[in-house]
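Here it is, the structure in full.
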Amino acid sequence: MEFKIQLIVAGIAAVLCIVIRQPWVMCAVLSIALLTNLTVSLVEQKKRERKIDELTLYLMKVQDNLELPAAESANEGRLGILQSEIYKLVVQLKELYSVERKQKKYMVDMLSDISHQIKTPMTAITLMTELLAAPELSDEKRMDYVEKINQQTNRITWLVRNLLTLSQLEAEMLELKREEIGLREMLDPITDTFEIMAEVKGVELYMDCSEEIHISCDKQWTREAISNIVKNCIEHTEEGGSVRISVVQNNLATEILIQDTGEGIPKEHLPNIFKRFFKAPGSSNSSVGIGLSMSKQIIMRQNGTINVESSVGEGSKFVIKMYR
């Protein structure tokens, strides 16, 4: 900019000198050129200094605040390009920092949850181990304590395995292998598994699914997701009630409906039903509240949705949609 102005003024001075042949005109014009050049230089320098101060202040605010301060619009020129690139870099760093914070918080929460859930069975194991040391303990009682310790150990193993699976699902680290399968083929083992459980509770378990219906999913994990829901429905249905699995398929999606005639879920608990470690009133003592959360993660990871409709005293209906 400054160099262009100098050339223009010098050109004007040269033309005037040739036309009017007066040396003092040349001096006057050159003086004006120098003053103009100096003024422009000072103005441009002040602008650069002000912009640098603004960028410095912006970076200081970024360091002092967790929230990203508002960025001014970038000017033209090389300084404007620098300003724009600084803003882009700050935004990228803030996004990375936000992701890192969320991951750290997730790990802290997960470790806290694992510690809390393991504390009860560990306390029971410690107590029964101390009781085993009593010399007057009968062989029958001793074997009873050994069996209970074994049960609590298995419970801890199951809990840790499922928590790790859930964490992998939430972090999208667990690979789900989709394949085309007959849905009836996948559902039959579920009804077979829970038939005895339903019979003991006096609950009728029905399944209505055409053998012609096929679905693309991870067979093992989708079966796990549906099993968790069926088990939950049976547990919350009283004697004489029923749990029904039915399937509807259209051009858009395959809908798997799991409906019970049980106690239902209070309206205030519905938003929390799929949250990790949430236990609705009336849940069994063995429940830890991760089954439905795991089911939701498995379904969502396969481009599906899961919702629940429920009324107290009328039962619940879980609706799984697997989009085609």
Side-chain angles (χ1 to χ4, degrees), residues 181-219 221-276 278-284 286-287 289-324:
I181 59 170
L183 188 54
R184 179 66 181 262
E185 177 188 345
M186 185 183 72
L187 293 177
D188 277 339
I190 296 176
T191 54
D192 292 343
T193 300
F194 292 106
E195 189 174 12
I196 296 177
M197 177 182 177
E199 186 177 342
V200 169
K201 286 206 67 178
V203 174
E204 293 288 341
L205 179 60
Y206 303 96
M207 198 260 288
D208 179 17
C209 178
S210 169
E211 294 185 357
E212 297 177 359
I213 295 179
H214 286 70
I215 186 175
S216 176
C217 66
D218 185 298
K219 183 177 179 180
W221 286 110
T222 305
R223 181 183 291 166
E224 178 76 14
I226 297 174
S227 295
N228 289 339
I229 298 171
V230 173
K231 179 174 180 289
N232 182 83
C233 289
I234 295 174
E235 288 178 344
H236 291 274
T237 300
E238 298 297 329
E239 183 179 356
S242 65
V243 175
R244 180 179 295 274
I245 307 169
S246 57
V247 180
V248 178
Q249 190 174 60
N250 54 44
N251 293 332
L252 181 63
T254 301
E255 291 189 11
I256 304 171
L257 311 177
I258 306 168
Q259 189 167 7
D260 66 53
T261 59
E263 60 197 35
I265 305 168
K267 185 177 180 180
E268 62 270 21
H269 295 319
L270 284 176
N272 303 316
I273 198 70
F274 294 110
K275 290 183 178 179
R276 179 166 27 110
F278 176 78
K279 293 175 64 176
S283 299
S284 65
S286 61
S287 173
I290 63 175
L292 293 182
S293 178
M294 185 181 298
S295 295
K296 182 177 182 179
Q297 291 295 328
I298 292 171
I299 299 301
M300 289 178 61
R301 284 287 310 280
Q302 301 181 93
N303 192 34
T305 61
I306 178 170
N307 294 288
V308 60
E309 304 168 6
S310 185
S311 297
V312 175
E314 297 182 9
S316 304
K317 180 170 70 172
F318 291 84
V319 182
I320 298 171
K321 287 187 179 181
M322 302 294 287
Y323 291 94
R324 305 181 71 181

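It should be emphasised that the depicted structure is a prediction, and the values quoted were computed from it without experimental measurement. Atoms considered below: every heavy atom in the structure, side chains included; atoms not considered: hydrogens, waters and symmetry mates.
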Just checking E239: does its CD atom have more than 12 heavy atoms from other residues, nucleotides or ligands closer to it than 6.0 angstrom?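 Atom CD in E239 is not packed in, count stays at 12 or less.
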Of all the heavy-atom pairs spanning Q302 and D218, show the shortest one and how long it is.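 Scanning both residues completely, I find the closest heavy atoms to be OE1-N, 2.6 Å.
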Do I226 and M186 touch side chain to side chain, with heavy atoms closer than 4.5 Å?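 In short, these two side chains touch, coming nearer than 4.5 Å.
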R184 side chain to C209 backbone, donor-acceptor under 3.5 Å: yes
With the side chain counted from C-beta on, respond yes when I215 and T222 share a heavy-atom pair under 4.5 Å apart, and no when they do not. no
For the residue pair E212 and Q249, establish whether any side-chain heavy-atom pair is separated by less than 4.5 Å.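 The answer is no, as the side chains (C-beta and beyond) never meet within the 4.5 Å cut-off.
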Which distance, rounded to the nearest 0.5 Å, do you find between the NZ of K275 and the NE2 of H269? 12.0 Å
Before you tell me yes or no, could you show the steps for I181 and C217 under side-chain contact (heavy atoms from CB on, under 4.5 Å), namely the whole-Å CA-CA distance, both residues' side-chain angles and the distance that decides it to 0.1 Å? CA-CA 8 Å; I181 59 170; C217 66; 3.8 Å; yes
With N228 as reference, evaluate C233, S293, S295 under the side chain to side chain contact (heavy atoms under 4.5 Å, CB included) test and give the passing residue.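 Single side chain to side chain contact (heavy atoms under 4.5 Å, CB included) partner of N228 among C233, S293, S295: S295.
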Which distance, rounded to the nearest 0.5 Å, do you find between the NZ of K231 and the NE2 of H236? 8.5 Å
Donor-acceptor pair, side chain of R244 and main chain of T261, under 3.5 angstrom: no
So, does K201 use its side chain to make a donor-acceptor pair with the main chain of E235 at under 3.5 Å?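 Checked: pair present.
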Min side-chain heavy-atom separation L270-S310 under 4.5 Å: yes
Under the criterion side-chain contact (heavy atoms from CB on, under 4.5 Å), I'd like the reasoning laid out for I190 against R223: C-alpha separation, chi angles, the key distance, then a yes or no. CA-CA 7 Å; I190 296 176; R223 181 183 291 166; 3.6 Å; yes
Has N307 got a side-chain atom pairing as donor or acceptor with V319's backbone, closer than 3.5 angstrom?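 No, N307 side chain to V319 backbone: no donor-acceptor pair under 3.5 Å.
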List the atom of S316, the atom of V308, and the distance in Å for their closest heavy-atom pair.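 Distance-wise, the nearest heavy atoms are CB-CG2, 4.4 Å.
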Taking the side chain as every heavy atom from C-beta outward, state whether F194 and V243 have any pair of such atoms under 4.5 Å apart. no
Mind checking the CD-NZ spacing from E224 to K219? Nearest 0.5 Å is all I need.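 The distance works out to 14.5 Å.
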How far does CE of M322 sit from CG of L252, to the nearest 0.5 angstrom?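 Going from CE on M322 over to CG on L252, the span is 13.0 Å.
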Step-by-step side-chain contact (heavy atoms from CB on, under 4.5 Å) determination, D188 to M207: CA-CA 8 Å; D188 277 339; M207 198 260 288; 3.0 Å; yes
Spacing of N232 atom CG and I258 atom CD1 [to the nearest 0.5 Å]: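 Separation between the atoms: 10.0 Å.
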CG of L205 to CD1 of I196: how many Å apart, nearest 0.5 Å?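 It comes to 12.0 Å.
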Between T305 and Y323, is any pair of side-chain heavy atoms under 4.5 Å apart? yes
Measure the shortest side-chain to side-chain distance between I229 and I306 over non-hydrogen atoms and say whether it is less than 4.5 angstrom. yes
